[in-house]
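Presented below is the structure to which this report refers.
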Amino acid sequence: MKITVAKSAGFCFGVQRAVDLVTNAIETYQDKTIYTYGPIIHNETVVEDLKKKGVVIMEEGDDPSKYKKGIVIIRSHGVAKKVLETIRDSGHEIIDATCPFVSKIHRLADEHSGNGERILLLGDKDHPEIRGIIGWINGNRYDVIKTREEAEKYTADSTDKILLLSQTTFNLHKFEELVEILTQKGYDINALNTICNATEERQKEAARIAGEVDVMFVIGGRNSSNSQKLYEICKQSCSGTYFIQTKDDFDLSVLQPVHNVGITAGASTPVNIIEEVTKKCQR
Ligand code: F3S
């Protein structure tokens, strides 16, 4: 059996950086409580491991002043400007692990909405990254859309100047499709593709491998949106695509009549989990 593991599978630059910042903080500030604002990544194994090392999760939306003063690490998805201020005002120190690709979107949303432009976000309105971006928009002239139907129904004032930005993990193909629908409406839209390079490469490679194999495994956390998108992309070219969290989530029987297996993984999947899945397939 041939097993192809995507080169782009696993931790992206932003997630690796966030995990490294937490690990360094544990070593550097042994006398202080280290918090992460929400789980640092969408991976239960990594989060549990950090908890054992003393890291405490500060629940999103909780009042930070309820927590003993310490160091709060902001995860790679980023947060609203107001959240940063509230944490700081409560006397905590902040280590900002917001991925630079996300920070760039915050700056764009802040500047352009400040200039009176309307912001149109392509993404999932309930995802923390989008919630964070919304928190950098000045005023409330913004919309979030995700589907073809929503793009078709979209309306704005004909005088609006619109800046379109995408969630960093948005599906590239869908981005192009929705931008096409929206620009045909004749609005003054400046569409910036803010899907990050890591996501774009990962999606392209996953689609290519899925087109060549009989069974495709996408490894990722249950709540990981970038992993779910990988699953959707792979499923389009390979009906035998499985979304799994660990090696224990599939039975070897699915590989019985199979010659070619592909493996990819979301941005928050540690390398050891990818290796374990690969090993199991080799049995
Ligand atoms: Fe950053 Fe892209 Fe990863 S935005 S956190 S490098 S998926």
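We use all heavy atoms of the structure for the numbers below, so side chains are in, but hydrogens, waters and symmetry mates are not. Numbering of ligands and ligand atoms starts at 1, following listing order.
- When each atom of ligand 1 is checked for a heavy atom of F101 under 4.0 Å away, the hits are 1 (Fe), 4 (S), 6 (S).
- Inclusion of C99 in the first shell of atom 1 (Fe) of ligand 1 is supported: an N, O or S atom falls under 2.8 Å.
- A donor and an acceptor atom, one from each side chain of D20 and Q16, are located under 3.5 Å apart.
- In this model, no donor atom of one side chain and acceptor atom of the other lie less than 3.5 Å apart for T169 and N226.
- Atoms of ligand 1 lying under 4.0 Å from any heavy atom of C196, numbered from 1 in the order shown and given with element: 2 (Fe), 4 (S), 6 (S), 7 (S).
- The protein non-hydrogen atom at the shortest distance from atom 3 (Fe) of ligand 1 is C12 SG, 2.2 Å.
- Taking 4.0 Å as the cut-off, T199 counts as a neighbour of ligand 1 on heavy-atom distance.
- Between E200 and K204 there is a salt bridge, with a side-chain nitrogen of the basic residue lying less than 4.0 Å from a carboxylate oxygen of the acidic one.
- Between R75 and E60 there is a salt bridge, with a side-chain nitrogen of the basic residue lying less than 4.0 Å from a carboxylate oxygen of the acidic one.
- Using modelled atom types, one finds no donor on one side chain facing an acceptor on the other under 3.5 Å when comparing Y242 with D249.
- Close contacts between ligand 1 and T168 involve ligand atoms 4 (S) [criterion: under 4.0 Å to a heavy atom].
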